[in-house]
Amino acid sequence: MDRDRVVEILQEIGVLLELKGENPFKTRAYASAARTLEGLEEPLETLVKEGRLGTLKGIGDALQQKITELVTTDRLEYYESLKASLPSGLMDLLELQGLGPKKVKALYDKLGVDSIETLEQVCASGKVAELAGFGEKTQAKILESIAFKKQFASQHRLDQALRVAEPILDSLRGHPDVIRCSLAGSARRWKEILGDVDFLASSRNPAAVIDYFVTQPGVLQVLAKGETKASLILEGGIQADLRVVSDKEFPFALAYFTGSKQHNIVMRQRALERGMRLNEYGLFRSEEETRDPALLHPCATEDEIFQALELQFIPPELREDLGEFDAAEKGRIPRLIEWTDLRGSLHNHTHWSDGNESLEEVAAQVHELGCDYWAITDHSRSSVQARGLTPERLRDQIAQVARINQSYADEGSAFRLLTGSEVDILSEGRLDFDDTLLAELDVVVASIHSGFSQNEAEMTHRLIRAAENPFVHMLGHLTGRLLLKRDAYAVNQQAVIDACAATGTWIELNASPQRFDLDWRLWSYAKRKGVRCVINCDAHRAAHVGYLRLGAGLGRKGWLTKDDVINSLPLAQLRQALGKKRSSCPG
DNA sequence: GCCGTTTTCGGCCCGACTGTTTTCAGTCG
């Protein structure tokens, strides 16, 4: 059984135990073990074989035994019997707003509710309101959230969330009672998928800010509204929460509401170890629970909180409890890539294949935006659905790019288009164009667009063979995933990364927000192997230039620095880098 | 179920909001 499935099962056990009313800390132990495995950088199988599972954080004797059973026998008796003891529909109920394990258990025990359908029925008949601990309002809210779940998704892509959140952020910042205001939560940590959007503001008049927040354009529903906190549903079904604090509290609240949960737990722990207490209101010189201003260790910024806990500043993108504390203690948090470090993108399309604009239009737009270069990598002939280019059309395009570049040179501009192709990796790893043609191009991106159903060994072999081609500069969107839409195809990503390291092939961080592929969780591994990254827009229209900002954020989340990212190089050095793999290979 | 310069038991992060309650449990982040 592979790692991802083991992670899923551990998470599910955690939830099932919650429904059973088990000790919450036991429940958390399963969730935290799942997280540990998720962040694993070597094959789970190796750890199991060598009996090293127990050395991992949060995995003791019991979990070691269960994980070993899963990996070696493909099943776990404990899980099977736990699952059999509860109806599977209960898991769906937990996704409803306002329903947690206790309420779900009560509904199941007292009314036999075992699915959303049966829950809807008992609510409609009024039976829920009669239960102890429930009432008319709870019953109505449950019906509301069932209707909501039917209408809207519970998860949203980063770009979709930012599209609604950033105008509200601007609007709040313009309010006269707002002193400081920021995004918080997973949006500030630049997670690729979000459940909701969090805002934090500081003010002397919280009520005015809350009132302003709930009347923003695009608010569908107000879920909760208190003195210092409100929750809304925005158009598109995204939930947005605002918390308002005093300006003195702002840095503490910002750190707190940015999370992640796991990161915060470690922060609080560090405070306790130093005889202090950290919460969203401050860092207090007391181990007792307090908000006494006399005990406050004042911090004007988040940076000062980290200092007080003897840590280097940890950028929000890294706050996942995936190694940032170890690095920050040693002063080894690197200066992460900024999107303004990027000089252009090396994987983009035009209307020659499935893009939207002409070569001239693309050149003019990205030049205007300040890029130094832009590679044109339209699809190759096998991608018929994307109007892939034949060798003849590609040679025609090369000539036209040369003509456009000449006109920039004549104007005295240093901007250049680069010729290229996003060449299909066919089955068995053959490429769609022969090496002679690839050798004529400035930039070659090799990607898979067909045969998604091959098994892991076949897919991995295809990608490794493509990496071994001396004319392939980089692999594009390694797993083919479309977030919230299509799973990654089966591929051993570590093995492909190893092959890229061995052949000097780069890997793309596809900055299209529906891909973000290679995943941020794998860049540390790639980086350690010496593989360099290219943050590419995969632009199909002019507006996609904006993906550079999103992609750079995901690069930051993967701990990448300017030196790790090829397209931070100026043009002359980029050309050298592009020539390197070809010149190091014989023939 | 995990963990230990407080190590084999007794902790495990914590506060706001809501609704159902007359003092608090459940949910959420």
Side-chain angles (χ1 to χ4, degrees), chain A residues 10 13-14 17-18 21-36 53-67 78 93-107 128-142 144-145 154 184-189 194-200 206 210 222-231 239-245 249 252-253 255-273 275-284 287-291 321:
Chain A
L10 293 181
I13 291 176
L17 290 174
E18 268 194 305
E22 260 286 1
N23 175 355
F25 297 103
K26 182 169 168 179
T27 296
R28 188 195 290 174
Y30 280 90
S32 109
R35 269 181 47 84
T36 300
L53 269 179
T55 64
L56 298 177
K57 192 180 79 174
I59 297 184
D61 289 343
L63 272 159
Q64 189 173 357
Q65 209 171 7
K66 292 192 171 81
I67 294 167
Y78 176 71
L93 300 185
L94 284 173
E95 285 171 25
L96 294 171
Q97 180 80 238
L99 281 191
K102 297 275 166 54
K103 286 213 164 102
V104 168
K105 189 170 189 306
L107 287 165
V128 171
E130 295 162 12
L131 286 182
F134 292 73
E136 290 292 342
K137 282 198 173 176
T138 307
Q139 182 171 273
K141 283 218 158 186
I142 291 174
E144 245 175 59
S145 57
S154 60
S186 44
R188 185 164 180 247
R189 298 201 314 280
L194 294 77
D196 66 359
V197 181
D198 298 299
F199 300 94
L200 178 73
I210 294 283
V222 178
L223 294 175
K225 178 173 177 261
E227 297 282 300
T228 62
K229 185 179 161 176
S231 290
Q239 182 176 331
D241 299 336
L242 169 69
R243 191 60 182 266
V244 187
V245 298
E249 292 162 346
F252 302 104
Y256 180 83
F257 290 109
T258 297
S260 63
K261 220 171 181 177
Q262 300 301 319
H263 173 95
N264 285 351
I265 287 171
V266 180
M267 289 288 278
R268 283 175 185 283
Q269 204 61 49
R270 285 186 76 89
L272 289 173
E273 285 161 13
M276 297 191 281
R277 198 167 189 94
L278 178 66
N279 57 34
E280 66 246 63
Y281 299 105
L283 178 63
F284 298 95
E287 291 182 52
E288 302 300 312
E289 192 187 314
T290 178
R291 282 195 217 171
D321 190 24

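Lettering of chains follows the sequences in order, A, B, ..., and the numbering in each one begins at 1.
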Quickly work out the [X] [atom1] to [N] [atom2] distance and round it to whole Å.
X	N	atom1	atom2	answer
A/Lys103	B/dC28	NZ	C1'	11 Å
A/Leu242	B/dC28	CG	P	20 Å
A/Asp198	B/dC17	CG	C1'	15 Å
A/Lys229	B/dT27	NZ	P	15 Å
A/Leu99	B/dT18	CG	P	17 Å
A/Phe252	B/dG29	CZ	P	25 Å
A/Gln64	B/dC3	CD	C1'	15 Å
A/Glu130	B/dT20	CD	P	13 Å

Distance, [atom1] atom - from [M] to [N], rounded to whole angstrom:
N	M	atom1	answer
B/dT20	B/dA25	C1'	9 Å
B/dT8	B/dG1	C1'	14 Å
B/dC12	B/dT7	C1'	15 Å
B/dT6	B/dC2	P	22 Å
B/dC13	B/dT23	C1'	24 Å
B/dG11	B/dT21	P	32 Å

[X] side-chain N/O to [N] phosphate OP1/OP2 under 4.0 Å:
X	N	answer
A/Thr138	B/dG26	no
A/Arg243	B/dG15	no
A/Lys261	B/dC28	no

Look at the side chain of A/Asn23 against the base of B/dG1 and say whether a donor-acceptor pair falls under 3.5 Å; ignore hydrogens and angles.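 Checked by distance alone, the answer is yes.
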Looking at [Y], is its backbone amide N or carbonyl O close enough to the side chain of [X] to form a donor-acceptor pair, meaning the two atoms are under 3.5 Å apart?
X	Y	value
A/Arg243	A/Leu200	no
A/Ser186	A/Arg189	no
A/Thr36	A/Lys57	yes
A/Gln239	A/Asp196	no

Set out, in order, the CA-CA distance, both residues' side-chain angles and the distance that settles side chain to side chain contact (heavy atoms under 4.5 Å, CB included) for A/Thr138 and A/Lys103, then state yes or no. CA-CA 10 Å; A/Thr138 307; A/Lys103 286 213 164 102; 4.3 Å; yes
For A/Tyr256 and A/Asn264, find the nucleotide of DNA chain B closest to each by heavy atoms; which residue's nucleotide sits nearer the 5' end?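 Residue closer to the 5' terminus by nearest nucleotide: A/Asn264.
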Both A/Glu227 and A/Gln269 contact DNA chain B. Which one's nearest nucleotide lies toward the 5' end?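 Looking at DNA chain B, the more 5' nearest nucleotide goes with A/Gln269.
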Picking from [options], which would you name as closest to the side chain of [X]?
X	options	answer
A/Tyr30	B/dG1, B/dC17, B/dG29	B/dG1
A/Arg28	B/dG1, B/dC17, B/dC13	B/dC13
A/Phe25	B/dC12, B/dT20, B/dT18	B/dC12
A/Tyr281	B/dG1, B/dT20, B/dA16	B/dA16
A/Gln97	B/dC2, B/dC28, B/dG15	B/dC28

For A/Asp241 versus A/Ser231, what's the shortest heavy-atom pair and its separation?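 Looking at all heavy atoms of both residues, the shortest contact is OD1-OG, 2.7 Å.
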Looking for any heavy atom pair under 4.0 Å, which part of the strands does [X] touch: base, sugar-phosphate only, or nothing?
X	value
A/Lys66	sugar-phosphate
A/Glu280	sugar-phosphate
A/Leu17	nothing
A/Thr228	sugar-phosphate
A/Leu223	nothing
A/Pro101	sugar-phosphate
A/Lys141	sugar-phosphate

Strictly by Watson-Crick or wobble contacts shorter than 3.5 Å, is anything paired with B/dC3, and which nucleotide is it?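 Partner of B/dC3: B/dG10.
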Working note: A/Leu131 + A/Leu107, criterion side chain to side chain contact (heavy atoms under 4.5 Å, CB included); need CA distance, chi angles, decisive distance, verdict. CA-CA 8 Å; A/Leu131 286 182; A/Leu107 287 165; 3.9 Å; yes
